[in-house]
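Since the structure comes first, as structure tokens, the remarks are kept for the end.
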Amino acid sequence: MAVMDGFSLAGRVAVVTGAASGIGRQTAQTFAEAGARVVLGDVDEAGLAETAGMIGAAAVPLRTDVSRRADVDALAAKALELGRIDVWANVAGTAGPCPMLDVTEELLDRIIAINLKSVFWGSTAAARVMKEQGSGSIINISSTGAVSAPPNLSVYAMTKSGVSAVTRNIAREMGPFGVRANTVSPGFVETPLATWSYRNPDGTLDEAKRADALRLRRGAAPLGIIGEPTDIAYAMLYLASDASRFVTGQNLYVNGGVTMD
Ligand SMILES: NC(=O)c1ccc[n+]([C@@H]2O[C@H](COP(=O)([O-])OP(=O)(O)OC[C@H]3O[C@@H](n4cnc5c(N)ncnc54)[C@H](O)[C@@H]3O)[C@@H](O)[C@H]2O)c1
């Protein structure tokens, strides 16, 4: 179907961080289904191997701690072994829930490093290559939580606001070289990161608290639903592909209408 050609990633190389789980895993699978070879970074080696196994020959996994610039540069170098970098999706993140008055310097530094420094170094590593190519799409994951002021997530919200802010700067500086940069801000998707408020100390889920939390989440959305990883991955595919060639510096909320602009 010719209309779908605009969404094709055939012949493209895409880097996805946070690819061992949740939204990153689904994004990697969706990009691969659209024809890309996908270079996958995550600290979780077992999860990464599982994602790579699901995708098959098009996947190149590399253990990457996105909070370390050297690791991010190594991920870019790995992708360049495939000849080019067309798409770079910064998906890895952490919530680090904590009441504001209890946040330690160590926790603050860790969340900033994983959620924000990672995006800066990932985006600049990608932009350096894409500038030479004269094309490329950078997609950074922020969160609806950046603007909804969720309790116990002050540092998370602070870093996610930084993500959408710096993405606009990347779009401004790199646009003249054919490089686009956009943010996707998901609403609630039930992944390991998002279930902290109803997880027991042993890692299992408290089903009563879960039912309450999901009811509240659905109630907050005009559409009355919570998201699936595919809901986010389809938005990522749009921004990764030529279908969005006229779109840069934008922040796309994929959240059932929890926020509107
Ligand atoms: N799930 C939601 O409701 C939701 C909502 C808004 C935004 N987000 C954002 O979506 C992104 C993906 O989260 P998810 O919901 O899929 O959660 P997830 O827990 O399923 O996945 C997060 C991934 O990030 C990886 N990661 C954590 N620290 C890392 C590090 N230092 N280096 C490399 N990888 C690291 C984890 O190993 C994991 O695979 C995050 O940036 C998150 O903030 C999620």
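Whatever order the structure lists them in is the order used to number ligands and atoms, beginning at 1.
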Flag the pair [X] and [Y] as a salt bridge only when some basic side-chain nitrogen lies within less than 4.0 angstrom of an acidic carboxylate oxygen.
| X | Y | result |
| --- | --- | --- |
| Glu190 | Arg217 | no |
| Asp73 | Arg69 | yes |
| Lys209 | Asp212 | no |

> Side chains of Thr144 and Thr259: donor-acceptor distance under 3.5 Å anywhere?
Replying inline: no
> With clusters built from Ile, Leu, Val, Met, Phe, Trp and Tyr whose side-chain heavy atoms come within less than 4.5 Å, directly or transitively, what are the remaining members of the cluster of Leu205, listed by chain and number?
Replying inline: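 For the cluster that includes Leu205, the remaining residues are Phe188, Tyr198, Leu214, Ile226.
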> With side chains defined as the heavy atoms from C-beta onward, is the minimum distance between Val87 and Leu239 less than 4.5 Å?
Replying inline: no
> Can you list, by chain and residue number, every protein residue with a non-hydrogen atom closer than 4.0 Å to ligand 1?
Replying inline: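 For ligand 1, the contacting residues are Gly18, Ala20, Ser21, Gly22, Ile23, Asp42, Val43, Asp44, Thr64, Asp65, Val66, Val91, Ala92, Gly93, Ile114, Ile141, Ser142, Ser143, Tyr156, Lys160, Pro186, Gly187, Phe188, Val189, Thr191, Pro192, Leu193, Ala194.
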